[in-house]
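Inspection log for the structure reproduced underneath, given as structure tokens.
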Amino acid sequence: MLSRILVIVLAVPVLLYVLISGEFTFLTFNIVVIGVAMYEFYRILKNKGNIVYDKIGIALGLSLPVLLYYRNDISFFFKYLRIFNNQHVVFDMGGFIVFCMFTIAIYQIFESRIQNSTMELLNTLFGIVYISLLFSYMILIREGIPSGKILLLYTFISIWVCDSFAYIFGIAIGGKIFHRRLSEKISPKKSIEGFIGGIVGVFIVGYYFKYMYLGIMNVFKFFGVVKEITWISEPFIAENIFKLLLLSVLIAIFSVIGDLFESKIKREFGVKDSGNILLGHGGFLDRFDSALFVLPVVYYFVKYIIF
């Protein structure tokens with residue numbers, strides 16, 4: 001219990017700092033989380049006798065956040081090749097996934113892999129899409145949406161509060177109103193009451209987020225981490241109650257789905273945690289499983305519905 005509290009006390013301020021900090025720290029954080037989480041995922045598969053091309057998968061997965069970060073102009077990667085007619089080269093995420101599939105397929109051909117080769121390719125490619133691609137939406141939110149740093153902070157606080165409120169509501173009234181659980185076989189403890197509590201928590205975060213944000217930033221300003229405090233110049237989600245409620249429901253839904261999806265994988269392969277790097281909190285994949293599903297939802301919702 002003490003180790004879990006220690007991790008929270010140390011990790012939360014660090015993560016908050018990363019979300020509002022400079023480019024190098026933010027990009028490094030993405031690379032580290034993706035690398036460790038992919039290692040954990042591939043290890044789970046390999047420990048049960050599955051063959052995955054983990055070195056190729058991790059190398060490709062680590063390159064995605066870098067290419068995505070410089071997606072608007074990656075010409076400098078190729079300036080010495082002189083093979084592009086257009087001097088301005090824009091990174092294409094769909095094309096990257098095709099490139100990953102071709103790379104793994106070519107490797108299999110050179111290795112003359114036949115037995116279970118299709119499943120090996122799919123397992124490796126799935127690790128890239130599930131972890132690297134989904135987590136890289138952090139970059140799309142921060143760099144591709146106005147006031148992206150603030151929206152990213154809102155997203156992670158919403159995920160944390162959703163999990164906390166779901167736990168509190170589940171302990172207090174779980175199973176007393178709705179006798180059926182969300183997913184009895186995957187996670188017997190998750191209740192419908194807890195899910196509703198998660199929605200309530202996310203809605204509260206959105207409604208009062210400006211004050212939460214200013215409080216966090218004032219603390220950082222006091223310690224000299226930031227020099228000035230800025231707020232979103234565009235209308236924030238809380239200014240439209242209907243959109244705020246809709247996004248709160250979506251965040252709660254996909255936060256639970258992300259958690260259940262990873263739990264399903266662990267149950268399939270008979271493991272309790274993806275790793276033990278975070279002491280009592282398990283591995284990186286355990287801690288960011290909800291974020292993997294929530295980040296894309298927030299990105300597209302804000303991009304196409306809010307702005």
Side-chain angles (χ1 to χ4, degrees), residues 12 15-16 19-20 93 133-178 180-183 187 190-218 229-262 288-307:
V12 171
L15 183 53
L16 292 176
L19 297 178
I20 64 170
M93 198 151 57
L133 178 61
L134 294 185
F135 197 73
S136 291
Y137 271 89
M138 279 188 66
I139 297 174
L140 290 177
I141 291 175
R142 176 168 152 148
E143 306 299 328
I145 292 180
S147 304
K149 290 183 180 181
I150 300 174
L151 288 170
L152 201 55
L153 195 64
Y154 158 77
T155 301
F156 274 92
I157 292 177
S158 295
I159 294 171
W160 298 335
V161 172
C162 178
D163 184 62
S164 299
F165 269 64
Y167 176 78
I168 293 171
F169 273 61
I171 292 295
I173 59 174
K176 295 180 179 179
I177 301 175
F178 303 97
R180 181 175 178 176
R181 297 285 172 167
L182 284 176
S183 183
S187 185
K190 289 190 181 299
S191 63
I192 297 176
E193 293 87 348
F195 167 69
I196 296 173
I199 297 175
V200 173
V202 178
F203 183 84
I204 293 173
V205 168
Y207 195 80
Y208 293 104
F209 179 70
K210 181 177 182 178
Y211 306 103
M212 296 180 185
Y213 169 78
L214 294 176
I216 293 170
M217 295 303 292
N218 277 313
I229 301 174
T230 58
W231 178 241
I232 297 177
S233 56
E234 296 79 8
F236 188 63
I237 304 163
E239 296 186 17
N240 186 306
I241 297 299
F242 173 75
K243 291 181 179 179
L244 173 61
L245 179 60
L246 178 58
L247 182 57
S248 299
V249 173
L250 289 174
I251 289 176
I253 289 174
F254 283 92
S255 179
V256 171
I257 290 176
D259 183 50
L260 288 175
F261 185 78
E262 199 238 355
F288 293 100
D289 53 1
S290 294
L292 293 175
F293 277 60
V294 172
L295 288 167
V297 172
V298 172
Y299 172 75
Y300 290 113
F301 187 92
V302 173
K303 183 175 181 179
Y304 295 113
I305 297 179
I306 299 298
F307 295 125

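- Scanning both residues, Leu133 and Met93, for their nearest heavy atoms gives CD1-SD, 3.1 Å.
- Each of Tyr299, Phe254, Phe288, Phe261 was scored for a ring-ring contact (aromatic ring centres under 6.0 Å, His included) with Phe293, with one residue passing: Phe261.
- Nearest heavy atoms, Ala252 versus Ile199: CB-CG1, 3.5 Å.
- Lys243 contributes no side-chain N or O that, together with a main-chain N or O of Glu239, makes up a donor-acceptor pair within less than 3.5 Å.
- Using a 4.5 Å heavy-atom cutoff, the side chains of Ile204 and Val161 are not in contact.
- Judged as a salt bridge (Lys or Arg N to Asp or Glu O under 4.0 Å), and not counting sequence neighbours, the contacts of Asp259 are Lys190.
- A 4.5 Å side-chain heavy-atom check between Ile306 and Phe236 finds every atom pair outside the cut-off.
- Remark: the backbone N or O of Leu19 is paired with a side-chain donor or acceptor of Arg142 at under 3.5 angstrom.
- Between Phe165 and Phe169, the ring planes are parallel. Angles under 30° get that label, and only those over 60° would be called perpendicular.
- In this structure, CG on Leu245 lies 13.0 Å from OH on Tyr207, to the nearest 0.5 angstrom.
- By the 4.5 Å heavy-atom criterion applied to side chains, Leu134 and Leu295 are not counted as neighbours.
- Summarising the geometry, atom CG belonging to Leu247 is positioned 11.0 Å from atom CG belonging to Asn240; distances are rounded to the nearest 0.5 Å.
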| message | Could you go through Ile232 and Lys210, starting from their C-alpha distance and side-chain angles, then the distance that decides it, and tell me whether this counts as side-chain contact (heavy atoms from CB on, under 4.5 Å)? | response | CA-CA 9 Å; Ile232 297 177; Lys210 181 177 182 178; over 6 Å; no
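- No side-chain heavy atom of Met217 sits less than 4.5 Å from a side-chain heavy atom of Trp231.
- In terms of heavy-atom proximity, Cys162 sits nearest to Val202 at CB-CG2, 3.5 Å.
- Interatomic distance, CZ of Arg180 versus CD1 of Ile192, reported as 7.0 Å (0.5 Å rounding).
- Contact record, Ser191 with Gly170: OG-CA, 3.7 Å, taken as the closest heavy-atom pair.
- Annotation for Leu250 and Phe301: closest pair CD1-CD1, 3.7 Å, computed over non-hydrogen atoms.
- Note that CD of Glu193 and CD1 of Ile171 are 12.0 Å apart. Values are rounded to the nearest 0.5 Å.
- Considering only heavy atoms from C-beta on, Leu151 stays 4.5 Å or farther from Val298 through its side chain.
- Between atom OH of residue Tyr213 and atom CG of residue Leu16 there is a gap of 12.0 Å, rounded to the nearest 0.5 Å.
- Heavy atoms only, all atoms of each residue included: Leu15 and Trp160 are closest at CD2-CZ2, 3.1 Å.
- Partners of Ala166 under the side-chain contact (heavy atoms from CB on, under 4.5 Å) rule, at least two apart in sequence or in another chain, do not exist in this structure.
- Ring-centre distance between Tyr300 and Tyr137: below the 6.0 Å cut-off.
- Between Val205 and Ile251 the shortest side-chain heavy-atom distance does not fall below 4.5 Å.
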As a quick check of understanding, evaluate side-chain contact (heavy atoms from CB on, under 4.5 Å) for Phe203 and Val249, giving each step before the final call. CA-CA 8 Å; Phe203 183 84; Val249 173; over 6 Å; no
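- Rounded to the nearest 0.5 Å, atoms CD1 (Ile305) and NZ (Lys303) are 13.0 Å apart.
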